[in-house]
Amino acid sequence: MKTDTKISAKKSWTKALARPAAEFPLTQLLVKSGKIPEGLRGTLYRNGPGRLERGGMTAGHWFDGDGAILAVHFTDAGAAAVYRYVQTAEYQAEEKANRFLYTNYGMTAPGPAWLRWTKPVKNAANTSVLALPDRLLALWEGGPPHSLNLQTLETIGIDNLGNSAGEFPYSAHCKRDPITGNIFNFGIIPGVSTKLNLYKSDPTGKIVQKATFGLDGIPMIHDFVFAGKYLIFFVPPVRVKFFPVLAGISSYSDSLEWKPELGTQILVVDSETLSLVSRGETEPWFQWHFANGFVKEDGSVAVDFVRLADFKTNQRLKEVATGETRTDAEGSLWRVHLNPQTAKVTATEELLDKPCEFPVVPAAEIGQESRYMYLAMYRPDVDMVAETYGAIARFDTQSRNLTIADCGENRYPAEPIYVPDISSEKGWILTVVYDGNSDSSEVWIFDSDRLSDSPVCQLELPGVIPLGFHGTWKSAL
């Protein structure tokens, strides 16, 4: 009898993505173990693809899934959570039709190729969130953000942040200056002459300053660094073959080419004036995510990020949507030192030689030297090609010590978020864990100084939250 090796090869994490996630209304959470810290008051928001299937068809890439937001509100009455899809126009149309209708990152629109170019690209609203004083933004890098109610997650609509001029791509990785409250972000407008738009917003989200720079070809830029006086972009040697995308022949993802001969380009921008300080070039690498950047005492800049040798990572992330990963594409934590006046790299060093991703520092230390960095990592001795991250960790940039919280077999944490205690100097690490053993999701709270200890609290969520991307914390006023 023939065995179905495909099923047996799949790991527990795939169950979290195998079916569309179900929304749930505001629900008081049961405490499974421990207790909620008294100084933990505010809301955890998380974003990620909630569904990767429609009408029996699977999405072409993990990045294609419809954005769904989780909010966990911590108050004196305990914790309550709500989970809702972002009601984009495209999501609503596809819900009604019960099939995919649009071009997306890893998909072309259905129908004849000669008609595809007339169809809009779907805004998946699925990558990250930005909490403003009066609303929450669901972010996706290819288009404008969607505004949601902070408490109920009801979708209000597209939010142009006061920007009135034409196309408005607004990246998923904005940076907030903890000193001024100003928010920086970028968007890429592809074309014969590709433009990199920079935006500076005031703390309410309103754009108060803009700048535009030209780029060579159509590069893939997912993230950037706020380093106090500077905004820094590493432009990896990935370029889009634009004609196949424009003609509807190929998806954006399948049209991306790794061109190491181009090297990594570096752009340094003055964060006050948004004027270009310098451009430079260095060896080729790829990165999705930066941890932080800061100006050192000698005036040079240090940039910490997860560095990958090439762009095989895109194929691996495409495979996530199928529930079976076969591509080995891991990055490790690096620091690059550069001269901001020339954009010349003066030194590179690997800080941590273990595969990791989703590096974050406390929000109050963005743009400044931060001792501790938090990461998602693998559990020891697992098959890293077939598995995904099963642990979170704290990396001490001074001592180079690594403290790991192993979540246990078949348990998969999201990106760790550092949360300050409102009544003390303590900090907490919050993550959402999918437990493949019980096919359920939970919120785990760790003491940031005792990360290898058991969680101080575990909260049961009313439904499965699929593996997602990025989140944020909004403290109670």
Side-chain angles (χ1 to χ4, degrees), residues 60-61 63-64 90 102-109 111-124 127 139-145 158 160-161 163-173 184-200 207 209-224 231-269 274-282 284-288 310-311 314 343:
H61 196 288
F63 293 177
D64 295 337
E90 297 91 341
Y102 302 95
T103 291
N104 207 330
Y105 177 83
M107 304 172 70
T108 55
W114 61 87
L115 290 179
R116 288 177 191 155
W117 68 274
T118 66
K119 296 187 179 182
V121 175
K122 177 180 178 177
N123 184 327
T127 312
L139 305 178
W140 175 76
E141 60 204 35
I158 283 177
N160 286 317
L161 306 179
N163 176 68
S164 56
E167 287 185 84
F168 183 49
Y170 192 80
S171 155
H173 284 288
F184 297 90
N185 208 348
F186 73 97
I188 291 178
I189 299 179
V192 178
S193 302
T194 298
K195 294 175 182 173
L196 172 68
N197 286 352
L198 293 190
Y199 312 108
K200 183 195 287 188
I207 292 173
Q209 200 174 343
K210 291 193 291 187
T212 300
F213 305 104
L215 295 173
D216 297 331
I218 304 172
M220 172 80 171
I221 305 178
H222 180 71
D223 194 2
F224 74 112
L231 309 177
I232 298 170
F233 290 82
F234 290 170
V235 184
V238 174
R239 297 292 183 271
V240 180
K241 291 183 287 185
F242 197 45
F243 176 74
V245 177
L246 195 64
I249 299 166
S250 175
S251 72
Y252 182 82
S253 172
D254 290 342
S255 299
L256 292 165
E257 286 187 297
W258 174 247
K259 300 173 79 71
E261 67 276 9
L262 298 177
T264 298
Q265 295 174 9
I266 298 172
L267 275 67
V268 180
V269 176
L274 297 191
S275 59
L276 187 66
V277 176
S278 58
R279 282 186 191 245
E281 191 179 302
T282 188
W285 66 67
F286 184 76
Q287 79 282 322
W288 290 111
D310 52 38
F311 195 52
N314 191 53

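As the structure is a prediction and not an experimental result, all values here were calculated from the model. No hydrogens, no waters, no symmetry mates; every other heavy atom, side chains included, goes into these values.
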Determine whether Tyr252 and Val240 make a side-chain contact, defined as any pair of heavy atoms from C-beta on separated by less than 4.5 Å.
-> yes
By ring-ring contact (aromatic ring centres under 6.0 Å, His included), Trp285 pairs with (sequence neighbours left out) Phe234, Phe305
Phe186-Phe233 aromatic ring centre distance below 6.0 Å | yes
Do the non-hydrogen side-chain atoms of Asn123 and Glu90 ever get within less than 4.5 Å of each other?
-> yes
List the steps and the verdict of side-chain contact (heavy atoms from CB on, under 4.5 Å) for Ile221 and Leu215.
-> CA-CA 11 Å; Ile221 305 178; Leu215 295 173; 4.1 Å; yes
Within-4.5 Å side-chain heavy-atom neighbours: Thr194 and Pro219 | yes
Between Phe168 and Pro145, the two heavy atoms sitting closest are CE2-CD, 3.7 Å
Sorted by chain and number, sequence neighbours left out, side chain to side chain donor-acceptor pair (under 3.5 Å) with Thr127 holds for none
How long is the span from the CD1 atom in Ile207 to the CG atom in Asn163, to the nearest 0.5 Å?
-> 4.5 Å
Heavy atoms only: give me the nearest Phe63-Asn104 pair and the separation to one decimal.
-> O-OD1, 4.4 Å
Please assess Asn185 against Phe224 for the test side-chain contact (heavy atoms from CB on, under 4.5 Å), listing each intermediate value before the final yes or no.
-> CA-CA 8 Å; Asn185 208 348; Phe224 74 112; 4.2 Å; yes
Residues at least two apart in sequence or cross-chain that pass side chain to side chain donor-acceptor pair (under 3.5 Å) with Ser253, listed by chain then number, are Asn314
Set of side chain to side chain contact (heavy atoms under 4.5 Å, CB included) partners for Pro237, sequence neighbours left out | Trp258, Leu262, Thr264, Pro284
Keeping the roles fixed (side chain from Asp254, backbone from Ser250), state whether a donor-acceptor pair exists under 3.5 Å.
-> no
Okay, side chain of Asp64, backbone of Gly106: is any donor-acceptor separation there less than 3.5 Å?
-> yes
The complete set of side chain to side chain donor-acceptor pair (under 3.5 Å) pairs with one or both residues in residues 215-224, sequence neighbours excluded, reads Glu141-His222, His173-His222, Lys175-Asp223, His222-His289
Is there a donor-acceptor pair closer than 3.5 Å between any side-chain N or O of Ser251 and the backbone N or O of Thr108?
-> no
Partner residues of Thr212 under the side chain to side chain donor-acceptor pair (under 3.5 Å) criterion, sequence neighbours left out = Asn197
Report the relative orientation of the aromatic rings in Phe286 and Trp288; use parallel for angles under 30°, tilted for 30 to 60°, perpendicular for over 60°.
-> perpendicular
Which pairs with one or both residues in residues 233-246 pass salt bridge (charged side-chain N to carboxylate O under 4.0 Å, His left out), sequence neighbours excluded?
-> none
Using the salt bridge (charged side-chain N to carboxylate O under 4.0 Å, His left out) rule, collect all pairs that involve residues 189-200, keeping only residues at least two apart or in two chains.
-> none
Residue pair Asn160 / Pro144: nearest heavy atoms and the distance that separates them | OD1-CB, 3.9 Å
Only counting residues at least two apart or in another chain, list the ones meeting side chain to side chain contact (heavy atoms under 4.5 Å, CB included) with Pro169.
-> Glu167, Ile189, Tyr199
To the nearest 0.5 Å, tell me how far Met220 CE sits from Glu257 CD.
-> 14.5 Å
Can you name the residues that form a side chain to side chain contact (heavy atoms under 4.5 Å, CB included) with Leu276, not counting sequence neighbours?
-> Phe213, Leu267, Val269, Arg279
Only counting residues at least two apart or in another chain, list the ones meeting side chain to side chain donor-acceptor pair (under 3.5 Å) with Ser275.
-> Thr273
How far apart are the closest heavy atoms of Ile266 and Ala343, and which atoms are they?
-> CD1-O, 3.8 Å
Qualifying residues under ring-ring contact (aromatic ring centres under 6.0 Å, His included), relative to Tyr102, sequence neighbours excluded | none
